[in-house]
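Every number for a ligand or one of its atoms is a count from 1 in the order of the listing. What you see is a predicted model, and the numbers here were worked out from it, not measured in a lab. Numbers for residues simply follow the sequence, beginning at 1.
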Amino acid sequence: MTASAPRYMARFRCIAEACEDTCCAGLTVPISEARWSLLRQRVAGGPDEARVAALITPNPDDTTGSQAGLLGKRADGHCAFLDEAKLCSLQRRHGEAVLPDGCSVFPRVLTRWGTRVEMAGSLACPETARLCLLADDALVLGPVDEAQALRPQLARQVASGDDAWTAHADTVREAMLRLLARREVPFATRLYALGRMALDLGDFYFPGTTAFAEEATGLQPRAEDASPDVESAPTADARLALILRDAGSMDTLESLRGQLAALELPGGPWAGICGAVLRSREAHVGSPRFLSLMRDVRAAYGGADTTPDEAWHLHVTRRAALDSLHGERVQQYFLHHALNHVLRHPFTESQSLLRAVFFLVLRASVVRWVLLGHPAVVALLDSPGTPVATLDAAAVECFQLVAKHVEQAPQFLEFAEGLAGEGPETFARLLILVKGL
Ligand code: SF4
C-alpha cells in the first residue's frame with residue numbers, strides 16, 4: 001500500500017490537553033461489535049471491566065454490527081472514558097486497537113484510489129484546522145508513512161475504474177485542484193469556473209454514463225458508414241479533455257471574471273440562506289463554544305430583527321474592508337478549505353459533479369458569513385493595526401466549529417440537497433452563492 005497526504009496531515013499530532021475542543025465533545029460515539037468484543041477481552045479481570053460493562057450500552061438502531069454499542073457520555077457531553085488530561089483512558093491503558101473506528105481515525109479521512117490510500121483531514125479538529133489554514137504549503141501532497149494512515153481498511157473506495165464516472169475521476173479531480181489554485185483570479189471566479197466546468201461536463205459525464213462506452217469497447221462507426229458530409233462528433237474522451245483544458249485557461253477565467261463582476265444579483269437571499277443554516281443547527285447543537293459564537297455572529301449582523309438585505313449590506317461592507325486589510329490571508333483560508341474539501345469529499349459520491357461543487361460553495365458561504373460576523377474580525381476592521389494572528393485565531397475557530405457542527409450534520413445535508421435543485425437550476429443557485437464570497 002502507498003499512502004499520501006497533504007503536508008498539514010503529515011504534520012498533525014493530537015495536542016490533547018492543549019486542545020480548545022475535544023473530538024468526542026457533544027458527539028455520540030458508536031463502537032462495532034468486533035472492537036467491543038476485543039475491548040471486553042482486554043479489560044476482563046482488570047479494574048476497567050466494570051466501567052466498560054456499565055458505560056457501553058447496546059445500540060438499538062444498529063442492524064449491521066458496525067455500530068453495535070454506544071459509548072456513554074459525561075454530563076458535560078464528553079466521552080465517559082476521557083481522563084483529567086483530556087486523553088482517552090482506554091487507549092492509554094489498552095492500546096489503540098481497542099478504540100472505536102471513529103476515535104482511532106479522527107481527524108483523518110481515508111480514501112482509496114485504486115491501490116493508493118489518501119489521507120485528508122477533518123477541520124472539525126482545531127489542530128488540523130490550524131495546520132491546514134495557516135501554513136502556505138499545507139496542501140502540498142506527498143507520501144506519508146503508512147503507519148500514519150491508521151486502519152486503511154476503513155478507507156472509502158472511490159475509483160474502481162470499471163465505469164466511466166470513476167475511471168475519469170482522478171483526471172477530473174486534478175483539473176478541479178488546478179483550477180482552484182489559479183491565484184491570478186479572485187477565489188469567487190475560480191468557484192464560478194468550477195461550476196461552469198461541471199455544468200459543461202454534466203450532459204455526458206455523470207454516474208452511469210454510457211457516453212464513453214463506444215470508445216472503451218472500440219465500437220467506432222465504420223469508415224464506410226460515416227456520412228462524408230457530416231464531420232464526426234468529438235468523442236466523449238475528447239470532449240472531456242477539451243472542457244477540462246478550457247476551464248483552466250486564462251482566457252476563460254478572465255471572461256468569467258468579467259461576467260461575474262457584471263452580474264447583478266440581490267444579496268438578501270444569500271444572507272438569508274446562511275442565517276437559516278446556522279439557526280437550524282443551533283436548535284440541535286449543545287456545544288457551548290458553538291452556541292456562544294452563533295450568538296455573537298447573530299448580534300454582529302444586527303440581531304434577530306435584521307432583514308436579510310440589511311445583514312447583506314453589513315456583510316459586503318465588511319468583506320471589502322477585510323479584503324483591503326488582509327485579502328491575501330483570507331483567500332488562503334478559503335483556498336485551503338476548498339482544496340481540502342475536494343480531497344476529503346470525493347465528488348464521485350455525489351449525484352453529479354455540479355452538485356458536488358454546489359456543496360463546496362455552500363459550505364464556503366456559511367463559513368464566510370460566520371467569519372465576517374466573528375467579534376474579533378468585526379473589531380479588527382476598526383483597528384487596522386491588529387496583528388494578523390488575531391484574524392488567524394478567529395478563522396480557525398470559525399472553520400473548525402462550522403466543520404464540526406454544520407458541514408456533516410444530516411439536517412444540513414438535507415437542506416443543501418433541497419436547495420441545490422436539479423441540473424441548470426443548481427447552477428443558477430450556485431451563482432447566487434458565489435456572488436456572496
Ligand atoms: S480535536 Fe484534534 S487536537 Fe483536539 S483532542 Fe481531538 S484529535 Fe486531539
Fill in: Side chain proximity check, L335 to L180, heavy atoms < 4.5 angstrom
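Yes, their side chains come closer than 4.5 Å.
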Practice prompt. Give a yes or no on whether a salt bridge exists between D137 and R11, defined as a side-chain N under 4.0 angstrom from a carboxylate O.
Written response: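 Salt bridge flag = yes for R11 with D137.
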Fill in: Whether F290 and H405 hold their rings parallel, tilted or perpendicular, with breakpoints at 30° and 60°
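Answer is tilted, since the angle falls between 30° and 60°.
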Discussion item. For the residue pair R368 and F334, would you count it as a cation-pi contact if the rule is NZ or CZ under 6.0 angstrom from the ring centre and within 45 degrees of the ring axis?
Written reply: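 Yes, R368 sits over the ring of F334.
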Discussion item. If I only include protein atoms of type N, O or S, how many are less than 2.8 Å from atom 8 (Fe) of ligand 1?
Written reply: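 Step by step: take atom 8 (Fe) of ligand 1, keep protein N, O, S below 2.8 Å, and you get 1.
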Worksheet entry | R190 versus Q331, side-chain donor and acceptor atoms under 3.5 Å |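 Yes, R190 and Q331 have a side-chain donor paired with an acceptor closer than 3.5 Å.
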Discussion item. Counting only heavy atoms from other residues, nucleotides and ligands, does the tally under 6.0 Å from CD of E425 exceed 12?
Written reply: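 Counting neighbours around CD of E425, more than 12 heavy atoms of other residues, nucleotides or ligands fall under 6.0 Å, so yes.
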Worksheet item: Which ligand 1 atoms does P126 reach within 4.0 Å, using its non-hydrogen atoms?
Response: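 Answer for ligand 1: 1 (S).
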